Amino acid sequence: MDILLDPWPWYVGGPLVALIMVFLIYLGKSFGFSSNFRNICSVLGAGKSCSFFDFNWKAQSWNLLFLVGAMVGGFLAAHYLSDNQVPAIAAATITDLKAMGFDSAGNAYMPSELFGKMNVKNIMLLAIGGLFIGFGTRYAGGCTSGHAISGLSDLQWPSLVAVIGFFIGGLTMVHVFFPIIF
Amino acid sequence: MRKLLFIALGVLFGMVMYKAEAASWFRIYEMFNFQSFHMYGFIGTALIVGVIAVQLIKRKQAKDVDGQPIHIQDKNKSIPRYLIGGIFFGLGWALIGACPGPIFVLLGAGVLPMLIVIAFALLGTYLYGVFRHKLPH
């Protein structure tokens, strides 16, 4: 059981994600998680006020089922396949984060400084982050699954442009905005 | 039956993202600081398997489970939408430390503040839908 309970190495995780993508293709679908934000908007009735959401979301219900499964998988992994899993991040990363006030670095799966106490600042940060993720994924037509995994696996150059964008945004957030925010 | 299969694939996905730590804020921060090979190895091995599998599917003109020819849709060719949209997503990805899949995986794991992220991601998606005709694509 230890092999399941220990952290799974990247060379197990990466290929498994690719196999999930291949299985979805075999089932006649495509691997793209952020489409679910659009699906949920449609389920909630956004199609009445905006034509972008006026489509038959029931044809995408397989993706919503995948989403439900992902939540169940997260629950099972955290509660039954882990004994307080703490990612073994680099010593340099821990030093950098502690200097920014992240004392949970190296002691937790998630930073309690951002996801622990729900003060005004954290709520605002989570809201802004969510807004960017929702707006950006739909604008770019996909997220890490649709572009970095599915698109690049199909050698689609627009997906490479998207992934370059992901990194420009991510590097800017971590190196330009983090020192201001934290 | 097919429905159960999608749920099962989602369960496996959720477990993989959590256990291989692609859903950890710390791993994403570490990646954007180039301080570990972990996430690059994760995405890299996914791509090695993915590229080989997709190319084989195309060469062999494989059929899907229902006997239909597998057709993988090409992305529209342009730069602005992918670059600008990608930058917005990247800013959010690094701040939240999770992309859309892991946001729901972590909610399932009990990280309830992800509900705020999801609510605003839905709002962001809606705003894109409303203003999409005014944006460069």
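In this text, all values refer to a predicted model and were calculated from it rather than measured experimentally. The figures that follow rest on heavy atoms only: side chains count, while hydrogens, waters and symmetry mates do not. A, B, ... follow the sequence lines: proteins, then strands. Residue 1 opens every chain.
- Leu95(B) places none of its side-chain heavy atoms less than 4.5 Å from the side chain of Val174(A).
- Counted by atom type alone, Arg27(B) and Thr93(A) present zero donor-acceptor pairs between their side chains at under 3.5 Å.
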Steps toward salt bridge (Lys or Arg N to Asp or Glu O under 4.0 Å) verdict (Lys58(B), Asp154(A)): CA-CA 9 Å; Lys58(B) 287 188 147 177; Asp154(A) 191 28; 2.6 Å; yes
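- Contact annotation for Ser145(A): neither backbone nor side-chain heavy atoms come within less than 4.5 Å of a heavy atom of chain B.
- At a threshold of 4.5 Å between non-hydrogen side-chain atoms, the residues Asp64(B) and Leu27(A) do not count as touching.
- For Val111(B), the part lying near chain A is the side chain, with the backbone staying farther off; criterion is any non-hydrogen pair under 4.5 Å.
- Annotation: Tyr128(B) is in aromatic contact with Phe52(A) [ring centroid separation under 6.0 Å].
- Contact of the Arg132(B) side chain with the Cys50(A) side chain is registered, since non-hydrogen atoms from C-beta on lie closer than 4.5 Å.
- By the 4.5 Å heavy-atom criterion applied to side chains, Trp8(A) and Glu21(B) are not counted as neighbours.
- With a threshold of 4.5 angstrom between heavy atoms, Leu12(B) approaches chain A through its backbone and through its side chain.
- With a threshold of 4.5 angstrom between heavy atoms, Ala8(B) does not approach chain A through any atom at all.
- In this structure, the portion of Ile57(B) lying under 4.5 Å from any heavy atom of chain A is its side chain and not its backbone.
- Annotation: Phe13(B) is in aromatic contact with Phe66(A) [ring centroid separation under 6.0 Å].
- Phe53(A) touches chain B through its side chain: at least one heavy atom from C-beta onward sits under 4.5 Å away, while N, CA, C and O do not.
- Neither the backbone nor the side chain of Val176(A) comes within less than 4.5 Å of any heavy atom of chain B.
- Residue contact with chain B, scored on non-hydrogen atoms closer than 4.5 Å, involves the backbone and the side chain of Val161(A) alike.
- With a 4.5 angstrom heavy-atom cutoff, Leu5(B) touches chain A only via side-chain atoms.
- Using a 30° and 60° split on the angle between ring planes, Phe167(A) and Tyr40(B) fall in the tilted class, from 30° to 60°.
- Interface remark: Leu114(A) contributes side-chain atoms only to the contact with chain B (heavy atom separation under 4.5 Å).
- In this structure, chain A has a heavy atom under 4.5 Å from the side chain of Phe34(B), while its backbone stays farther away.
- Ring orientation note: the planes of Phe104(B) and Phe37(A) are tilted relative to one another, at an angle of 30° to 60°.
- Residue Ile28(B) does not touch chain A at all, counting heavy-atom pairs closer than 4.5 Å.
- The parts of Ser34(A) that come within reach of chain B are both its backbone and its side chain, each placing non-hydrogen atoms under 4.5 angstrom from that chain.
- Without hydrogens or angle criteria, Ser24(B) side chain to Tyr109(A) main chain gives a donor-acceptor distance under 3.5 Å.
- Heavy atoms closer than 4.5 Å to chain B are found in both the backbone and the side chain of Leu152(A).
- In this structure, Gln35(B) and Asp96(A) have side chains that are in contact, with non-hydrogen atoms separated by less than 4.5 Å.
- Side-chain N or O atoms of His38(B) include none that pairs as donor or acceptor with a backbone N or O of Pro87(A) at under 3.5 Å.
- Classified by interplanar angle (parallel below 30°, tilted 30° to 60°, perpendicular above 60°), the ring pair Phe178(A)/Tyr29(B) is parallel.
- Within the 6.0 Å centre-distance limit, the rings of Trp10(A) and Phe37(B) are counted as a close aromatic pair.
- Put simply, the side chain of Leu97(A) reaches to within 4.5 Å of the side chain of Phe26(B), judged on heavy atoms.
- Listed for the Glu30(B) side chain is a donor-acceptor partner under 3.5 Å among the backbone atoms of Ala90(A).
- For Leu160(A), no part lies near chain B; criterion is any non-hydrogen pair under 4.5 Å.
- Proximity of a side-chain donor or acceptor of Lys19(B) to a complementary backbone N or O of Leu5(A) within less than 3.5 Å is detected.
- The aromatic ring centres of Trp157(A) and Tyr82(B) sit 6.0 Å or more apart.
- Using cut-offs of 30° and 60° on the angle between ring planes, the pair Tyr139(A) and His137(B) is tilted.
- A side-chain donor-acceptor contact under 3.5 Å links Gln156(A) to the backbone of Lys75(B).
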